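Each remark here refers to the structure printed beneath this line.
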Amino acid sequence: MKRRDFFKIVGASTAAAMTGCARSPEQILPLVIPPDNLVPGVASWFSSVCRECPAGCGVVARNREGRIVKLEGNPDHPVNRGTLCIRGQAGLQGLYNPDRVRGPLRRDASGAPKPVAWEEAEKFLAERLAALIKDKQGRRIAVLTQLESGSLGRLMDAWGGALGARRRVAYEPFNYEAVRAASRVVFGRDAIPDYAFEDANVVLSFGADFLETWLSPVAHARGFARMHALAHGRAGTSIHVEPRLSMTAANADEWIRNTPGTERLLAVALLKVILDEGLQAPGVDLAALRGAIGAPDVGAIARQSGVPAETIKRVARALAKAKPGLAVGGGVAVTGIDAVDVQVAIHLLNYATGNVGRTVRFGPDSAFGKASSYADVLALTESMRRGEIEVLLVVHANPVFTLPATTAFADALKKVPLVVSFANQPDETSEHAHLILPDLHPLESWGDFSPREGVVGLMQPTMAPVFGSRAVGDVLIAVGRQALRSAEGKGPLRWATFQDYLKEQWRGIAREVAPGTPFDQFWEEALRRGGVWRGVPTVPVKAQPVAMASKRTATEDGAQGPTLLTYPSLRFYDGRGANKPWLQEAPDSMTQVAWDSWAEIPAERARTLQVRQGDLVRIASPHGAIELPAYISESLHPDAVAIPIGQGHTRYGRYAKDRGANPLALLPQAPTPGGLAFLSVRLTLTKTGGRRPLAIPQATANQDERELAQHVGLTAARELELRGAVPEKASHPSMYPDLKYPEYRWGMTIDVDSCIGCQACVIACKAENNVPVVGKEQVAYGRDMHWLRIERWQEGPPHHPDTLFLPMLCQHCEVAPCEPVCPVFASYHTQEGLNAQVYNRCVGTRYCNNNCPYHVRRFNWWDYGSPASSSYAFPDPLPLQLNPDVTVRQLGVMEKCTMCIQRIIGGKDRARDEGRKVTDGDILTACQQTCPTQAIVFGNLKDPSSRASRVSRSPRGYHVLDELGTRPAITYLKKVTRDHGKT
Amino acid sequence: MRRQVGVGVATLALFAAILSLAHSAGAQPAAPAQPIAFSHQIHAGQYKINCQYCHADARRSEYAGLPSVSRCMGCHKITAADRPEIQKLAAFFNEKKPIPWVRVFKVPEYVHFPHKPHVRAEVTCQTCHGPVETMAVVGATTGQNLTNDLLNLLGLARSSTPLTMGWCVECHTTMNATKQTKAPLECVVCHH
Amino acid sequence: MRRDDAHQPTYADVNRDVIGTLWTPSPAYFGWMSIVGLILTAGILAWTWQIYIGMGAAGKRTPQNWAMYITSFVFWIGIGHAGTLISAILYLFRARWRTSIYRGAEAMTVFAVMTAGLFPLIHAGRMWFAYWLLPYPNQRYLWPNFRSPLVWDVFAISTYLTISVVFFSVGLLPDIAAIRDASTGWKRKIYGVLALGWEGTDRQWRHYRRAYGLLAALATPLVLSVHSVVSWDFAMALVPGWHSTLFAPFFVDGAIFSGFAMVLVLIIPMRPLFNLYAYITNRHLDAIAKLILVTSLVLTYFYVCEAFTAWYSGDHFERASLFWKATRNYAWAFWLQYFCNSLVPLVLFSRRARIHPPTLYVVSILVLIGMWFERFNIIVPGLGHDFYPYTWGIYYPTLTDTLIVIGSFAWFFILFLGFIKVMPSVSIVEVKETLPHPLKDPHH
Amino acid sequence: MAAACILGIFAHVDSTVRAIRDLRARGFTDFSVYLPVPVEEIEAALEEGRPVSPVRLFTLIGGLTGTVTGFALPIWTSLKWGLVTGAKPIVSIPPFVIIAFELTILLGGLSSLLAILVLGKLPSLRRSPTYDPRFTVDRFGIAVTCSPDLVAAVRTCLQEAGAEEVRR
């Protein structure tokens, strides 16, 4: 039996059971034919690949009764090792997005999309293609896709070849082609290398938001945490150069605020200092290097960049002495007109300090290197505009949104007689499509993706399609064969389905990777494991230091005003995340703004403009203008204005539509050697007089001496580490006898030093625990429902603060203030040390939340859980995502973190089956499971040898608001601060 | 005098109303009409088929599970294939349609009742579902509200297996006291 | 010549004057009733809407999980203090001036507690399950948490309401009998049933008087306990500004203070309306005003203590909370409270003010406003700036909760307006007791 | 033969008191007095030789029942299902004192009410034949029950004491 059919059956029966009202007679539907491996009520896990960005993390999808209820990182996958970022966690809301295209649509003469049958739609397309082939006009067919580094990409290339189409354009808005170009220049290798953060002792980043979106953030976060954490007395150092205090900058030990567009100068100055002081690695071609950098004046650069010469010298020494260090650069925010020169300088820096081959590894090259260049995209646009394209297929790319408006891609689309979109979410590009053939969601599809050389993740349908979508591969094969009038099994497109093609491709992989193994066994194993991976040796490269075209500046010549820093959003990436309400509702890590978009304006400039937070500001560049509410920043460089990319959709479903503005409208279309120049325009700001207050759940970033997020100096931390663990019972005295825990006492430790503020746990928690999304107004009014929040606290001078991220959730206090005040025992303490909240017992007095010093309890102000209510938070088909192990809360009850009680019960159940006690690893809370830096440890505090127990005795351990005597079950570990860069 | 008679009549009427309410509540609840007239009495009573032969998920899942149509057909391809009710079953199987059984036993949506640990603890199915093997049709009234509370207060229990919380708790307490089991008494074990 | 000395009424005068207040309401009365009724309807509609759409309709949020409802709850409980205080404590102390005002004050108590009792229901997220707070045997085997101050509240307030109603009805009994005997037709029947067959025999009086004294003795500690228990809703919590041993006496004093202000608000208009000059004399006003003055001074002392402990404790949370209340968003309410409760009553040091009804009326209204805001300041700004800076926030009332709070005043007044037309608002029996007995031979 | 009942109506306290004393002196003890308002002189005259009203016994028993219930209920229910809140002991006496206090007052008050009703023979649906509506206004009444042959003596006694009106 085909797996697809079986899922269809289970899926249908669950849907029927779910829509049944609780009080009316309810139907229960048995399976007609039972599947081999699935028991209703028991979760099955299917591995796949996350396609929310090209990092290609492995995921496992938890299938309950035929529907996917949770995504988790694949623990075996070498990229993410079991963890996921915020966007990966939210991938499910793409699958169950209520605005998904439900079936093929064809636009009629009036321009309105009308549903058509699949056969009709395919036939229509095939006939158009056949007509072109007949006239030998195959060149008039173009395919525009996202980066597809696996079989689908190859199939589309084969398809294009068979039809004589143009070369496929694999468009990624952020393709980091400056890095690639610089690799070509310096190392003669057209590739983006693999950066080994974990092996570096000092990381110097030029604007690279490697913890947020750059290349492979989950892998980098893990590497960063390993590099940075204090272990055995050693701790790496991180230095970040950027005009804006990004999340990555906030995690650096030293944030250097430079004048926008001076990264190249700084890199050159660093090289100069290294060479002058003779700190270069042995074997470096000094003369060539000297020639490449010329004779820069460090003093002048210091003045120009606003970075003191002393700092430059100190950073240069730190990097050179790191052995190895790592210099990275090239987030979108530093992609100016001179981007390639910046990257060349950074490559040279790595070369000069001996990092190439150690922390900068060619060989396991990133898939980003395979994306088409911006120039290719522009060329295609130009062809379209000139009417050279008859049929354009757009597969998972949204260029109308992600290309600068100046490229006029939308106008070019209008010149194409037939635009076919395979988007399964209605977006700005599919708005212009004549035919929409919705592709399956990646979690419903077969496929594979190779994020870097040596790693191929395998995707399989983890559930039956939610709607009537078809796999783009299947459609292309079918349509191509119809157009070529060839039969199945024959011709260039002989495969019956894309699945067949995929398997054929994998036979090739099998031959290469496991020559001895029978293919079926290899295939099963790959499906189970989620792909194949093997080590790829580092390729030695030879540097050829060449002179940079140093006359180029970052921004457009002669322009005045603050520089636009537009950067990919941690939550929305290039905008594809904006249709996911979880991501919209998660506050931005740094500004804590939810739902909206904003322009971060330096406080000085805001004062001049007389702009307050939330005032609408018109932001104009020579290329366009947008309006956004102001976010006043003390820390942003006075010559910059920062705007995140990702919002401003005009058509991307209800959650994304008309929210904020798209800053790409401000950019010029002119290509540069480094692709699109994101940092190239200067702005004019005017106050419009309008207001749109931002939804910021965090009232203040000032801890007001309350020591919620604590820190300790590195030297002191080392000393403490040497002194060893603290005794467990250093708590406040009590009048009462101590509580007894017969079997377990659950507890948690959270390492504030490891927490990077990425919010992945927030979404994991939301997904696991059926936490409703409440909308901007409610978030702004302190009624957000997050059980877990990441707080951003700042200390020190406001223009250059130290940032502390503090994950705050129910502390499961032993002496819980919330418990005795509840009149009905809805809040009580379990014998396993959990602070329990019984939803169905709650009468809603809200006394508990008043009395909770941490305010981590969440009240259902509206009826989020009932379909009849106007505030229902789960429009169809989002209810399919709801975790069946967790009650959806009713109106008027309090809820909060349960430490994933359903997982605790499950873990205990499994242990009992095996006749043993629960040990480490049996139970992972959702937040712990997804944390890329593994800052969270959950476990049994009663067992002194459990990991949570051991970590909680760390000398860095403390309890938040300890002086209240609540005795929390969560121990935080103080952040270890470096004196580095402190004056 | 007339007034006193009136008061007496009113009191009697009230009492009768309460009694009849209690009686109707305590009576065997009506069984819903099922798409196929399946009899547990025949299968579990007469032929002594083990409950878990059909409800096979009970030992490994939260849900007891219903037999798949193919499992029914495993026997009924031959057994009693000529009966009209069995022909209905065959029709479902041939059309590859699930049988729309009407649910009888239900706890509220905020209650998680897992079958597996109960089976593991060797609790018989009859403990909660009543003597199903004697029932040609199965009906149950479950749930809890203020009326039930008041009836309970008057000592007018509704059904031998009411699936109410107090009933669950009582069994857990008794078992722990008498059989040294570790049946949990934490609220959040069921309500989470 | 002072009006209250003009005429010494006889027993029959008392019956005539008091029962005379009951019959045939004027059109103005109906006018007032309909205005109050309209407001009440708006309040009921608002509550219905809140139940239908959810608690979000009221402006509450994190951190102000409690706001105007609990403010009004405490306010009304406070108002409910003066009645029993007058009827029980002053009875025990044989303060004879209480006789002509205690009935109105007791009615006020009962209605205020009835109003207050609504608020926990209005406030609860799932008021339809509020009965879970009552200890009754149930099939869940679950009982209320007797360690929770809210359960103490349930006991304290239901006891207070019950005892107040008992005390009130017992006091009414002979008066109802008097009305029964003065009326005819269906009214006679109704009052006849309500009078329970009271005849005023020596035997009835004997037990009645004894029981009344015992009830007064029981009610006295109860009055003091109720607001103490209510204050523990706050004092038992950790919240800075709440966690204070000062709260019980502080609340009790404030309650008496506001209760007497409400008594004045009610009886000052009754005097001209029902021509009760002979019974509610300037002596009464003077006595009440003195009590208001004393309780105000005590309250001021508590305010000083509160601020002093917050400052002198050196506790960062307490200090920050106090400073924030006094200087930030809610500073206006904070200073309004001091103005109304500590400054305005100082006027009453003047005897002329104490017997000048318009002045007294203005002072009373200001005191009521001040006392409402005192509770508001404890709850809303108190919660708004507590331990955790992340969730600090400002509460904005919505139309729904505003209408409900205003509606509660309408509910109270509609009950009181109804009461004064069906029951004697001055005690017939007790007024008679204060008059000289009719003697045939006074010099004998 | 039923006993006769004679009612004397008085307008003044002193004459009422005199009548009571006179009746007592002449050996009539079975009479009840109607008062619009409790008057100490009359009460004093009546109370001579009577035991104290048993109302306080009601109150005491009610109050003590309340105290016991107030402790028993929370303790019993807490032990029935011991749920820990805030690391406090299952049986926490201090908060239970409040419950006990409130129940003491509640049951004490309710039993006092009960005492009024039971001892005052209330509610009664019918007025007694000797009742006069003026007794709730300003008249005092003495209803004497005696054998029919003593009616004249009682009548004289009442009239001599100063009754406004004497009737059967």
Side-chain angles (χ1 to χ4, degrees), chain A residues 5 9-10 12-13 16-17 20 22-23 25-35 38-43 64-65 742-743 769 825-832 834-842 865 884-890 893 898 900-906 908-909 912-913, chain B residues 30-36 54-74 89 92-117 120-121 143-144 165 182 184-192:
Chain A
D5 290 345
I9 294 158
V10 192
S13 67
R23 298 278 169 224
E26 187 182 321
Q27 285 185 354
I28 35 176
L29 304 176
L31 302 161
V32 180
I33 300 165
L38 197 132
V39 179
V42 177
R64 270 292 299 265
E65 283 89 272
E743 239 184 317
N769 291 303
F825 284 119
S827 173
Y828 81 103
H829 217 69
T830 74
Q831 296 208 333
E832 297 177 356
L834 291 178
N835 173 257
Q837 176 70 17
V838 188
Y839 312 124
N840 49 306
R841 179 66 174 169
C842 178
D885 294 336
V886 178
T887 311
V888 177
R889 276 76 61 186
Q890 294 154 303
V893 306
T898 60
C900 290
I901 179 84
Q902 67 282 2
R903 290 181 176 224
I904 295 176
I905 291 169
K908 277 166 63 185
D909 183 65
R912 201 148 179 192
D913 279 345
Chain B
Q34 297 287 4
I36 297 175
C54 299
H55 301 289
D57 292 342
R59 63 180 166 273
R60 54 191 175 194
S61 168
E62 182 178 343
Y63 313 128
L66 287 171
S68 61
V69 187
S70 66
R71 173 155 297 185
C72 299
M73 286 304 287
L89 169 71
F92 279 114
F93 184 71
N94 294 335
E95 289 169 32
K96 296 252 178 291
K97 272 191 189 155
I99 309 165
W101 297 112
V102 180
R103 187 163 191 166
V104 174
F105 289 96
K106 177 158 170 45
V107 288
E109 56 272 34
Y110 48 76
V111 181
H112 294 271
F113 173 83
H115 280 83
K116 181 183 162 185
R120 187 169 54 204
Q144 44 184 284
M165 176 174 151
K182 280 187 183 172
L185 283 163
E186 296 287 4
C187 313
V188 281
V189 167
C190 304
H191 305 302
H192 58 259

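Model, not experiment: these values are computed from the prediction. Residue numbers start from 1 in every chain, and the chains themselves are labelled A, B, ... in the order their sequence lines are given, proteins ahead of strands.
- Heavy atoms of A/Tyr828 lying under 4.5 Å from chain B belong exclusively to its side chain.
- Rounding to the nearest 0.5 angstrom, the gap separating the SG atom in B/Cys187 from the CG atom in A/Asn840 is 9.0 Å.
- Across all non-hydrogen atoms, the minimal contact from B/Tyr63 to A/Pro884 is OH-CB, 4.5 Å.
- Here the CG atom belonging to A/Asn769 is positioned 10.0 Å from the NE2 atom belonging to B/His192, to the nearest 0.5 angstrom.
- Interface check for chain A: of the options B/Met73, B/His115, B/Lys116, the most heavy-atom pairs under 4.5 Å are formed by B/Lys116.
- To the nearest 0.5 Å, the span separating CD1 on A/Ile901 from CD on B/Glu186 amounts to 8.0 Å.
- Proximity to chain B (any heavy atom under 4.5 Å) is shown, for A/Arg912, by both the backbone and the side chain.
- Among A/Val838, A/Thr887, A/Val893, the single residue meeting the side-chain contact (heavy atoms from CB on, under 4.5 Å) criterion with B/Tyr110 is A/Thr887.
- Within the 4.5 Å cutoff, no side-chain heavy atoms of A/Val888 are placed close to those of B/Glu109.
- B/Leu185 has its side chain out of reach of A/Gln831: every pair of non-hydrogen atoms, C-beta onward, lies at least 4.5 Å apart.
- B/Ser61 approaches A/Gly41 most closely through the heavy-atom pair OG-CA, 3.3 Å.
- Between B/Val188 and A/Thr830 the shortest side-chain heavy-atom distance falls below 4.5 Å.
- Of the listed residues (B/Arg60, B/Lys182, B/His112), the one with the most heavy-atom contacts under 4.5 Å to chain A is B/His112.
- A side-chain contact (heavy atoms from CB on, under 4.5 Å) with B/Glu62 is found for one member of A/Asp909, A/Asp885, A/Val42 and no other, namely A/Asp885.
- Only the backbone of A/Gln837 comes within less than 4.5 Å of a heavy atom of chain B; no side-chain atom from C-beta onward does.
- Contacts between A/Thr898 and chain B at a heavy-atom distance below 4.5 Å are absent for every atom of the residue.
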